[in-house]
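What follows is one structure encoded as structure tokens, with my remarks underneath.
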Protein chains: 2
Amino acid sequence: MKNTLKVQRAIKNLTQAELAEKAGVTRQTINYIEIGKYIPTTVLSLKLAKVLGKPVEELFILEKGD
Amino acid sequence: MKNTLKVQRAIKNLTQAELAEKAGVTRQTINYIEIGKYIPTTVLSLKLAKVLGKPVEELFILEKGD
DNA sequence: ACTTTTTGTCAAATATACTTTACTTTTAGT
DNA sequence: ACTAAAAGTAAAGTATATTTGACAAAAAGT
């Protein structure tokens, strides 16, 4: 699964730390998700979608292997 | 977080086992998610959304405590 | 009532999300 | 070049998602 977090963050002009705070997780969690090391739970992806103003499907995209 | 899986399954006339198979997980996983015992990963909720033909936000809804 | 399908549940094992703390590297601003 | 902010990374610990196998309860079909 790939994601567009970096771009969406840029659009909203948010740092990883700021996004983390708004989503209620740590900065490292956001960093790892952005890099693809972690797959977030659905609760977290819904929160990120809410904060970033985009549907989950625009933030996270399934890939071949998934 | 609450979910509408049971209703969506009914609309598509799918058993838990059938939905599980289409999503590539076990029947127990679907059962636990439906009952609220498990929060699925984003990969799984995207797959469920795909199979059920509804956006993630319609299948899973954030609640107060989340 | 009987049988079959579907759903609920449990326990043990494995994988991985998330936290905390801390340090390094990169980027941006002056 | 210097400084500060932002992003990347890592290890250890905790929590929880998912699997497997198996059985009980409930629902549906005949």
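Here is the naming used below: chain letters follow the sequence lines, and residue numbers restart at 1 for every chain.
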- [ ] Would you please test B:Thr42 and B:Ser45 for side chain to side chain donor-acceptor pair (under 3.5 Å) and show each step?
- [x] CA-CA 5 Å; B:Thr42 300; B:Ser45 57; 4.8 Å; no
For the pair made of [atom1] in [X] and [atom2] in [N], what is the distance, rounded to whole Å?
X: A:Lys47; N: C:dA17; atom1: NZ; atom2: C1'; result: 13 Å
X: B:Leu44; N: D:dT16; atom1: CG; atom2: P; result: 18 Å
X: A:Lys6; N: D:dA6; atom1: NZ; atom2: P; result: 15 Å
X: B:Ile33; N: C:dT9; atom1: CD1; atom2: C1'; result: 16 Å
X: B:Ile30; N: C:dT9; atom1: CD1; atom2: P; result: 16 Å
X: B:Asn13; N: D:dA27; atom1: CG; atom2: C1'; result: 15 Å
X: A:Tyr38; N: C:dT16; atom1: OH; atom2: P; result: 11 Å
X: A:Glu34; N: D:dG8; atom1: CD; atom2: C1'; result: 11 Å

How many angstroms lie between [atom1] in [X] and [atom2] in [Y], if you round to the nearest 0.5 Å?
X: B:Lys50; Y: A:Asp66; atom1: NZ; atom2: CG; value: 9.0 Å
X: A:Lys54; Y: A:Phe60; atom1: NZ; atom2: CZ; value: 13.0 Å
X: B:Thr4; Y: B:Arg9; atom1: OG1; atom2: CZ; value: 11.0 Å

Scan nucleotides 20-25 of chain D against the protein and return all N/O pairs shorter than 3.5 Å with their distances rounded to 0.1 Å.
from   : atom 1 : to      : atom 2 : distance (Å)
D:dG21 : O6     : B:Gln28 : NE2    : 3.1
D:dA22 : N6     : B:Gln28 : NE2    : 3.0

TODO: Ignoring backbone atoms, test whether B:Arg9 places a side-chain nitrogen or oxygen under 4.0 Å from the OP1 or OP2 oxygen of C:dT7.
DONE: yes
Open item on the list: When you measure from the side-chain N and O atoms of A:Asn31 to the phosphate of D:dG8, is any distance below 4.0 Å, counting only OP1 and OP2?
Closed with: yes
TODO: Could you say whether B:Thr41 or B:Leu14 is positioned toward the 5' end of DNA chain C, judged by the nucleotide with the nearest heavy atom to each?
DONE: B:Leu14
Open item on the list: At 10 degrees resolution, what angle do the end axes of the helix from C:dA1-D:dT30 to C:dT30-D:dA1 form when each is taken over five base pairs?
Closed with: 70°
Task: Candidates C:dT7, C:dC10, C:dA17 - which lies nearest the side chain of B:Lys37 - done: C:dC10
Open item on the list: Of the listed nucleotides (D:dT9, C:dT9, C:dT7), which one gets closest to any side-chain atom of A:Ile35?
Closed with: D:dT9
Donor-acceptor under 3.5 Å ([X] side chain, [Y] main chain):
X: A:Glu57; Y: B:Val56; value: yes
X: B:Thr15; Y: B:Glu18; value: yes
X: A:Asn3; Y: A:Ile33; value: yes

Open item on the list: Surrounding CD of A:Glu21 (heavy atoms of other residues, nucleotides or ligands, distance under 6.0 Å), is the total greater than 12?
Closed with: no
- [ ] May I have the step-by-step check of side-chain contact (heavy atoms from CB on, under 4.5 Å) for A:Ile11 and A:Gln8, ending in yes or no?
- [x] CA-CA 5 Å; A:Ile11 293 175; A:Gln8 306 299 337; 3.8 Å; yes
